[in-house]
Student: 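The structure's right below; bear with me while I get my questions together.
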Number of protein chains: 2
Amino acid sequence: MAIKRHYNGNRILNGTQQRITANRELLLELIHESPGHFDADEIYRKAREKHNTISLSTVYRNLQLFKKLGIVEERHFSEDHHHYEKKQTGDHQHFQCTRCGTIIELSWPLLEKSKDTVSERYGFQITRVEIELTGLCFECGKMREAGL
Amino acid sequence: MAIKRHYNGNRILNGTQQRITANRELLLELIHESPGHFDADEIYRKAREKHNTISLSTVYRNLQLFKKLGIVEERHFSEDHHHYEKKQTGDHQHFQCTRCGTIIELSWPLLEKSKDTVSERYGFQITRVEIELTGLCFECGKMREAGL
DNA sequence: ATAAATGCAAACCGTTTGCAAGCTC
DNA sequence: GAGCTTGCAAACGGTTTGCATTTAT
C-alpha cells in the first residue's frame, strides 16, 4: 500500500548501503518543514497523519541515522526527552522566555571576537558555540510591569 | 545508628516545614564538596560510603527539593540522565572537549557588552546566560596534530 | 501526637533492541 | 538471494511514586 518508488540513484550517504525509503523521505520532509526544534513523538505524530503505518521505533532509528549522517542534532533542554533540530551550519544562539516559553533565535554580538580571544587564551580549537539566554521576552516584560 | 543530632536552628528554608535530617545534611555536604557537575547516582554512591542506609529515592527526592529551594540546578548535557550543579550566581560558560570529555569552566570575553546589545536590540530582560563551547582542548589538539 | 522523611518495590516513560517479515537492488 | 528496513513487543535504565514505617518537632 505504500507508494511504490524508484529509489536508485539517490542514496542518503555515498558509499554506504543506506537506502532511501518512503519512510525516510517522509521523515526528512517533516524535519525540513519543522521551523525549530522537534522531538521524536512530534515527528511520529505528523508522520502518522500522512503515512499511517510508520512505527515509533522507525522514527527513533531514523533520527539516530540522521544524527550519524549529520542531518540533525540532538539538543538537551530542560525537559526529560531528547530534542532534535536541523543541523546548524555553525554556531547557535537563542533566547528562551521563562514566562511564555517562546524560543527566539538570535545572533550574538561580538561572537567572532570573543571566540578568538578564548581560543587564544586557552588554546582551544572551538568547533561550535551554543549560547542560551533565559529571561523575559519583550511582551512578557511588559505584562510583568503591568502586574499581569 | 545514624548520628543523633540537634537539628533545630538550622532550617534549610525558614518558614517552611522542611526538616534538617542526617540524610539531608550529608547530601548538602557532598554537593558542596563536588567541584563541578554531578548526577544522582554519583551522589548516591558517595553517600552510601559514609551513611550506608540511604536509598536512591531519597537522593532523588532531595535533589528535587534542593532544586526547588534554589540550592542546585538541573543541567542537560549530551547524556541521558540529569546532571546537577550548585546554583551559579549568574551566568555560566564552559568548554567541553569532544575527544576527552573534560569540561573546563571559563569566562567569556565581552559578555556584558554583548548582553547589553541583545537586551537593547530585542527588548529582552536577560536573567541568565549559558555558553557552551565544543571543540578540542589544548592537549587533544596537540594529540590530533601528532596523529594520535 | 502530628506531619515530614525514608526505604523498598513497583510503576513510569522515553528510548533501544531482538526477531521475524517485507523491501530494494 | 543478500542485506537493509520495518513493525511489533519486550527489554532497558533513569526517575518517580505508593505505602508502610521511622523520625523530627
Side-chain angles (χ1 to χ4, degrees), chain A residues 1-28 37-45 47-48 51-69 72 74-84, chain B residues 1-28 37-45 47-48 51-69 72 74-84:
Chain A
M1 71 208 41
I3 317 109
K4 196 95 188 194
R5 296 262 203 148
H6 220 203
Y7 290 123
N8 37 349
N10 192 16
R11 287 238 158 70
I12 293 189
L13 184 63
N14 300 337
T16 72
Q17 297 302 91
Q18 332 278 12
R19 293 168 185 164
I20 303 259
T21 63
N23 277 341
R24 283 186 183 153
E25 278 199 329
L26 175 61
L27 291 174
L28 287 170
H37 311 99
F38 51 90
D39 60 33
D41 196 63
E42 241 168 281
I43 292 293
Y44 171 65
R45 276 182 284 109
R48 294 288 292 211
H51 179 278
N52 62 16
T53 62
I54 199 170
S55 76
L56 190 52
S57 31
T58 298
V59 174
Y60 275 111
R61 274 193 275 236
N62 281 307
L63 283 174
Q64 282 185 175
L65 175 66
F66 297 159
K67 190 171 66 174
K68 197 178 304 168
L69 300 183
V72 302
E74 237 176 64
R75 302 271 293 124
H76 300 265
F77 300 117
S78 46
E79 299 165 52
D80 276 342
H81 56 287
H82 298 174
H83 273 241
Y84 301 85
Chain B
M1 75 211 26
I3 320 108
K4 197 93 192 197
R5 297 255 207 152
H6 218 204
Y7 292 123
N8 35 349
N10 188 21
R11 284 236 157 72
I12 295 189
L13 186 62
N14 299 336
T16 71
Q17 298 303 90
Q18 334 280 8
R19 293 165 185 170
I20 302 262
T21 64
N23 278 340
R24 283 186 182 154
E25 277 200 328
L26 175 60
L27 292 174
L28 287 170
H37 311 100
F38 51 89
D39 59 33
D41 196 62
E42 241 168 280
I43 291 293
Y44 172 65
R45 277 181 284 109
R48 293 290 291 214
H51 178 281
N52 62 16
T53 61
I54 198 171
S55 76
L56 191 51
S57 33
T58 299
V59 173
Y60 274 111
R61 274 193 274 235
N62 281 305
L63 282 175
Q64 282 184 174
L65 175 66
F66 297 158
K67 189 170 66 172
K68 196 179 304 168
L69 299 183
V72 302
E74 236 176 62
R75 302 271 291 122
H76 301 264
F77 300 117
S78 46
E79 298 164 53
D80 276 341
H81 56 286
H82 298 173
H83 273 241
Y84 300 86

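Not measured: the values here are computed from a predicted model. Proteins get letters first, then strands, A, B, ... in listed order; numbering begins at 1 in each.
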Student: Let me know the distance between CD of Gln18(B) and P of dT25(D), rounded to the nearest Å.
Tutor: 12 Å
Student: Across the strands shown, which category fits Asn62(B) at heavy-atom distances under 4.0 angstrom: base, sugar-phosphate, nothing?
Tutor: sugar-phosphate
Student: Locate the shortest heavy-atom distance separating Ile54(B) from Ala47(B); write the atom from each residue and the value.
Tutor: CG2-CB, 3.8 Å
Student: What is the distance from CG of Leu69(B) to P of dA4(C), rounded to the nearest Å?
Tutor: 15 Å
Student: Figure out the CZ/P separation between Arg24(A) and dG7(D), and round it to whole Å.
Tutor: 11 Å
Student: In whole angstroms, how far is the P atom of dT6(C) from the CD1 atom of Ile20(B)?
Tutor: 11 Å
Student: Check whether Asp39(B) reaches the backbone of Glu42(B) with its side chain - one donor and one acceptor, N or O, closer than 3.5 Å.
Tutor: yes
Student: Enter the distance from Arg61(B):CZ to Gln64(B):CD here, rounded to the nearest 0.5 Å.
Tutor: 9.0 Å
Student: Rounded to whole angstroms, how far apart are OH on Tyr44(A) and P on dT6(D)?
Tutor: 14 Å
Student: Identify each atom pair where a protein N or O and an N or O of nucleotides 10-12 of chain D are less than 3.5 Å apart, giving names and distance.
Tutor:
none

Student: If I take atom CG from residue Leu28(A) and atom CD from residue Glu25(A), how far apart are they, to the nearest 0.5 angstrom?
Tutor: 8.0 Å
Student: Counting only side-chain N and O atoms of Gln64(A), is one of them less than 4.0 Å from OP1 or OP2 of dT16(C)?
Tutor: yes
Student: Taking the six-membered ring for Trp, are His83(A) and His81(A) parallel (under 30°), tilted (30 to 60°) or perpendicular (over 60°)?
Tutor: tilted
Student: Output the rounded distance in Å from CZ (Phe38(A)) to C1' (dG14(C)).
Tutor: 16 Å
Student: Quick one: which of Leu26(A), Asn62(A), Leu27(A) gives a side-chain contact (heavy atoms from CB on, under 4.5 Å) with Ile43(A)?
Tutor: Leu27(A)
Student: Distance check needed: dG14(C) C1' versus His81(B) NE2, whole Å only.
Tutor: 16 Å
Student: Please list each protein N or O that sits under 3.5 Å from an N or O in nucleotides 7-9 of chain C, with the distance.
Tutor:
from: dG7(C); atom 1: OP1; to: Thr53(B); atom 2: O; distance (Å): 2.5
from: dG7(C); atom 1: OP1; to: Ile54(B); atom 2: N; distance (Å): 3.3
from: dG7(C); atom 1: OP2; to: Ser55(B); atom 2: N; distance (Å): 2.8
from: dG7(C); atom 1: OP2; to: Ser55(B); atom 2: OG; distance (Å): 3.1
from: dG7(C); atom 1: OP2; to: Thr58(B); atom 2: OG1; distance (Å): 2.4
from: dG7(C); atom 1: N7; to: Arg61(B); atom 2: NH2; distance (Å): 3.1
from: dG7(C); atom 1: O6; to: Arg61(B); atom 2: NH2; distance (Å): 3.0
from: dC8(C); atom 1: N4; to: Ser57(B); atom 2: OG; distance (Å): 3.2

Student: Going from CZ on Phe38(B) to CG on Leu63(B), what distance comes out if it is rounded to the nearest 0.5 angstrom?
Tutor: 6.5 Å
Student: Write down the distance between CG (Leu27(B)) and C1' (dA5(C)), rounded to a whole number of angstrom.
Tutor: 12 Å
Student: dA3(C) base to Arg19(B) side chain: any donor-acceptor pair below 3.5 Å?
Tutor: yes
Student: State, to 0.1 Å, how close Arg24(A) and Arg19(A) come at their nearest heavy-atom pair, and which atoms those are.
Tutor: NH1-O, 2.7 Å
